[in-house]
Amino acid sequence: MPSFLTFPEHFLWGAATAAYQIEGAWQADGKGESIWDRFAHTPGKTRNGDTGDVACDHYHRWPDDIRLMQSLGLRAYRFSIAWTRILPQGRGAINQAGLDFYSRLVDSLLAAGIEPGVTLYHWDLPQALQDQGGWANRDTAAAFVEYADVVSRRLGDRVKLWITHNEPAVVAWLGHSNGEHAPGINDVATAAAVSHHLLLSHGWAMPVLRQNSPDAEAGITLNINWTAPASRSAADLDFARNVDGRWVRWFLDPLYGRCYPADVTADLEAEGAFPHGVLSFVQPGDYVAIATPTDFLGVNYYNRVIVRSPAVAEADNLPPTVIPAPHDLDHWSEMGWETYPDGLFATLARVAFEYQAPRIYITENGASYADGPDADGRVHDARRLAYVRQHLVAAWRAIQAGVPLAGYFAWSLLDNFEWAHGYAQRFGLTWVNYETQERIVKDSGLWYGQAARAGGFAPA
Ligand code: IFM
């Protein structure tokens, strides 16, 4: 390996956030209620009852946050739009103040030399649409297209990178099958229908984005971690197939024209996911719409998951995933996620060569560690720095192997609201004091900024 890893000239060195996780101002300037507002305000749903009501107060502090990005030398910033700032009731009346907010943000990013990348849906469905069935209702896919149209008509002249959805698998399975996320539903049949309507809304929105933003790239982001079996036993191997199938292939396959995978369809049928007939929610034309060609695939990669078949786990009284306790925190983040950079290389190769994704962005990658300021006022987060560096080495190796990787967005620019974990988990390159809203760039952020400026780094 060379002593300095140089990345392609136009590689996007970025950082990512999401609206509900950083903006706060949950009722400001005409914003409507989202399912995450409702969920977090419901006792018992998030750790310590934490909410995104204030979060990082980015809605008011965004000029400072842009200056922070500029000081780091970032070339790109991926953020999401809060649907309820634009259409407080989900569809119908447009809230100009919401559009103005994002328009100013985009203008200021461009003025600072930072490329804006917009995610349209990062989990905060308008509650008004949830009240009509949410993503289980096919009509929500039509509402999403209207929303995509309104946003891209306003920002489409300046935004050159559009992501329809962030991690539809998490929305479907965590939001609707185990209830850990908003809207907190626990029903596999609902989750299966939701997954289809999310994908459908993506496919329907693609031509609208192309029309309103003709010079832009548009695609979707999936969470693709590396799944491995705990042993070579038939049961564990089959369970690893099942887990990877429902979290990854169930989404990748239809997006790349292969329809839903038969083995996962059978698994879901056995769980009662199709009470009205197998895949009864698929209508003529849906597969073609979902497989509308995209310009890129966004990959969110964090860790390897080593899975054990539930039958084996129960019989041997073992946990369903292999996580040693206590964790070695050099190798397992505070989320209990294993650091496994080879999995990023393998994942990039998989989507590039098996699915022929024409271009790939790593739209999220990062690790949660609680390190805060030391006596010197600095945040010496050596483990996160090592994590980011190791994953960028894997990304560089993938590029050498022929993967069309065009950018990397660290998760996250700031410590922020980590969904059901509240503020207990910190993923930021920047430490946030939630009492004072002070920001301190961590050592990992300083290192990443240097790499961004230099267009590469020394691997060791
Ligand atoms: O914080 C989340 C983000 O919203 C989606 N991807 C994973 C991150 C860490 O859990």
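In each ligand, atom 1 is the first atom listed, and ligand 1 is the first ligand listed.
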>> Using a strict threshold of under 4.0 Å (side-chain N to carboxylate O), is an ion pair present between Lys160 and Asp295?
In response: no
>> Evaluate Trp419 for polar contact with ligand 1, using N/O atom pairs at a separation under 3.5 Å.
In response: yes
>> What I want to know is whether Asn416 and ligand 1 share at least one N or O pair that is separated by under 3.5 angstrom.
In response: no
> So which bit of Phe417 gets within less than 4.0 Å of ligand 1, heavy atoms only: side chain, backbone, both or neither?
Replying inline: neither
> Quick one: do the Glu354 and Tyr256 side chains pair a donor with an acceptor below 3.5 Å?
Replying inline: no
> Among protein heavy atoms, which lies nearest atom 1 (O) of ligand 1, and at what distance?
Replying inline: Glu418 OE1, 2.6 Å
>> Salt bridge check, Arg304 against Asp342: does any charged N sit closer than 4.0 Å to a carboxylate O?
In response: no
> Is any side-chain N of the basic residue among Arg246 and Glu271 closer than 4.0 Å to the acidic one's carboxylate O?
Replying inline: yes
>> List ligand 1 atoms under 4.0 Å from His122, heavy atoms only on the residue side.
In response: 3 (C), 4 (O), 5 (C)
> Can Tyr301 be said to touch ligand 1, with heavy atoms closer than 4.0 Å?
Replying inline: no
>> Parallel, tilted or perpendicular: which one describes the rings of Tyr260 and Trp250, with boundaries at 30° and 60°?
In response: parallel
>> Quick test: of every protein heavy atom, which one is nearest to atom 8 (C) of ligand 1, and how far off is it to 0.1 Å?
In response: Tyr302 OH, 3.4 Å
> In ligand 1, which numbered atoms sit nearer than 4.0 Å to a non-hydrogen atom of Glu167?
Replying inline: 5 (C), 6 (N), 7 (C)
> How far is atom 6 (N) of ligand 1 from its nearest protein heavy atom, and which residue and atom is that?
Replying inline: Glu364 OE1, 2.5 Å
>> Looking at Glu334 and Arg426, is there a salt bridge between them, counting it only when a charged N and a carboxylate O are closer than 4.0 Å?
In response: no
> Under a 4.0 Å heavy-atom limit, does Asn166 contact ligand 1 with its side chain, its backbone, both, or neither?
Replying inline: side chain
>> Would Arg258 pass as a cation-pi partner of Tyr355, given that its NZ or CZ must be under 6.0 Å from the six-membered ring centre and within 45 degrees of the axis?
In response: yes
